Amino acid sequence: MYKPLLLLAATALIAATPAADLDGNGEVTRAEFKAAGDARFAAADANFDGQLTPDEMRTLRENDRTEQARKRFLSMDTNGDGAVTEAEMQAAREQMKERRSDRKDKRHEMALERFDSDEDGSLSEAERAEAREAMKAVRDQRKAKAKGQPKKRRAERPRLDADGDGLVSRAEYDAMGEALFSRMDANNDGVLTKGEGRKARKRNGPPPPPPGQ
């Protein structure tokens, strides 16, 4: 029961992060994160007994999925008429394609900056080969570093249902929230900024950009 509960609680708490930005400044303080967690615990505790059953946690996760689907729908329903037309769906697809294209362009610019040794504005076959070798070296390094790490990380994770009784008390929930905040707060400044929860990427460093097309 521990693993499903852990995943459910982590999902529930992390999903609250954007909504926890109470002052709308693009950052979430520890107090804001805690307040969002308190509200979500209260919403999930259907019988008001101060503890969460697996069913209550599951309902919280399902509600999150429903809310995410609602937000996706609203983002596509640009005229707010309660329906998504083919034109609106196509517009959403175009926006997604544009974002992917922007990311690709950014990677290309980074590749030029790093591997365009003759500074001619393009990557030669030799420069692209150098980029591929650099990426392969990083992947190999990460594989070697990650070997055996999953078990270690699992062993270091805090247990949500700490006493193993199959229920999540308020104290256990708060402890998990504090642990999650600490894991997400990569620079330990007590504030979460956009993308800061991706600690693995920060620990390993950014991968070398792919060669340009």
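Every heavy atom of this structure was used, including side-chain atoms; hydrogens, water molecules and symmetry mates were not. Values in this document were obtained by computation on a predicted structure and should not be read as measured data. When a residue number appears, it is its place in the shown sequence, counting from 1.
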Is there a donor-acceptor pair closer than 3.5 Å between any side-chain N or O of Asn63 and the backbone N or O of Glu67? no
Residues at least two apart in sequence or cross-chain that pass side chain to side chain donor-acceptor pair (under 3.5 Å) with Arg103, listed by chain then number, are none
Applying salt bridge (charged side-chain N to carboxylate O under 4.0 Å, His left out) to Arg72 and not counting sequence neighbours gives none
Let's go through Asp102 and Lys97 carefully: what are the C-alpha distance in whole Å and the side-chain angles of both, what is the deciding distance for salt bridge (charged side-chain N to carboxylate O under 4.0 Å, His left out) to 0.1 Å, and is it a yes or a no? CA-CA 9 Å; Asp102 289 344; Lys97 287 174 60 177; over 6 Å; no
Taking Glu178 first and then Lys34, would you say they form a salt bridge - that is, a charged N and a carboxylate O separated by under 4.0 Å? no
Are the side chain of Gln95 and the backbone of Ala92 linked by a donor-acceptor contact shorter than 3.5 Å? no
Please determine if Arg128 forms a cation-pi arrangement with Phe115, meaning its NZ or CZ atom is less than 6.0 Å from the six-membered ring centre and no more than 45° off the ring axis. no
Do Thr78 and Glu88 get their side chains close enough for a donor-acceptor pair, meaning under 3.5 Å? yes
Taking CD in Glu86 as the centre, count heavy atoms belonging to other residues, nucleotides or ligands within less than 6.0 Å. Is the count above 12? yes
Check this for me, if you would: do Arg132 and Glu125 make a salt bridge, where the nitrogen-to-carboxylate-oxygen distance has to be below 4.0 angstrom? yes
CZ-CG distance between Arg100 and Asp105, expressed to the nearest 0.5 angstrom: 13.0 Å
Just so I know, are the side chains of Glu172 and Asp163 near enough to count as touching, which here means a heavy-atom distance under 4.5 Å? yes
Determine whether Asp38 and Asp174 satisfy the following criterion, side-chain contact (heavy atoms from CB on, under 4.5 Å), listing intermediate values before the conclusion. CA-CA 8 Å; Asp38 290 347; Asp174 287 346; 4.0 Å; yes
Kindly give the heavy-atom pair with the smallest separation between Phe41 and Leu52, and that separation in Å. CE1-CG, 3.5 Å
Give the intermediate values and the outcome of side-chain contact (heavy atoms from CB on, under 4.5 Å) for residues Thr85 and Gln90. CA-CA 9 Å; Thr85 65; Gln90 181 61 33; over 6 Å; no
When you measure from the side chain of Asp116 to the backbone of Gly121, do you find a donor-acceptor pair of N or O atoms at a distance under 3.5 Å? yes
Scanning both residues in full, the closest heavy-atom pair of Gln51 with Ser169 reads CB-CA, 4.1 Å
Can you confirm whether Thr53 sits close enough to Arg58 that some side-chain heavy atom of one is under 4.5 Å from a side-chain heavy atom of the other? no
Within a radius of less than 6.0 Å around CD of Gln141, do more than 12 heavy atoms belonging to other residues, nucleotides or ligands occur? no
Heavy-atom donor-acceptor pair, Thr59 side chain to Asp55 backbone, under 3.5 Å: yes
Electrostatic pair Arg170-Asp45, nearest N-O below 4.0 angstrom: no
Can you tell me how far the CD atom of Glu32 sits from the CZ atom of Phe181, to the nearest 0.5 Å? 9.0 Å
Please confirm whether the backbone N or O of Val84 pairs with a side-chain atom of Asp77, one donor and one acceptor, at under 3.5 Å? no
Heavy-atom closest pair (Gly166 atom, Pro54 atom, distance to 0.1 Å) is O-CD, 3.6 Å
Residues forming a side chain to side chain donor-acceptor pair (under 3.5 Å) with Glu113, sequence neighbours excluded: none
Between Glu109 and Lys106, is there a side-chain N and carboxylate O pair less than 4.0 Å apart? no
Using a cut-off of 6.0 Å, state whether more than 12 heavy atoms not belonging to Glu94 lie near its atom CD. yes
Shortest non-hydrogen pair, Ser182 vs Arg30, comes out as OG-NH1, 4.0 Å
In this structure, CE of Met76 is separated from CG of Leu74 (nearest 0.5 Å) by 9.5 Å
With no hydrogens and no angle check, just 3.5 Å: does a side-chain donor-acceptor pair link Arg65 and Gln68? no
So does Leu192 get a backbone contact from the side chain of Asp185, meaning a donor-acceptor N/O pair under 3.5 Å? no
Whether Glu133 side chain and Glu130 backbone form a donor-acceptor pair below 3.5 Å: no
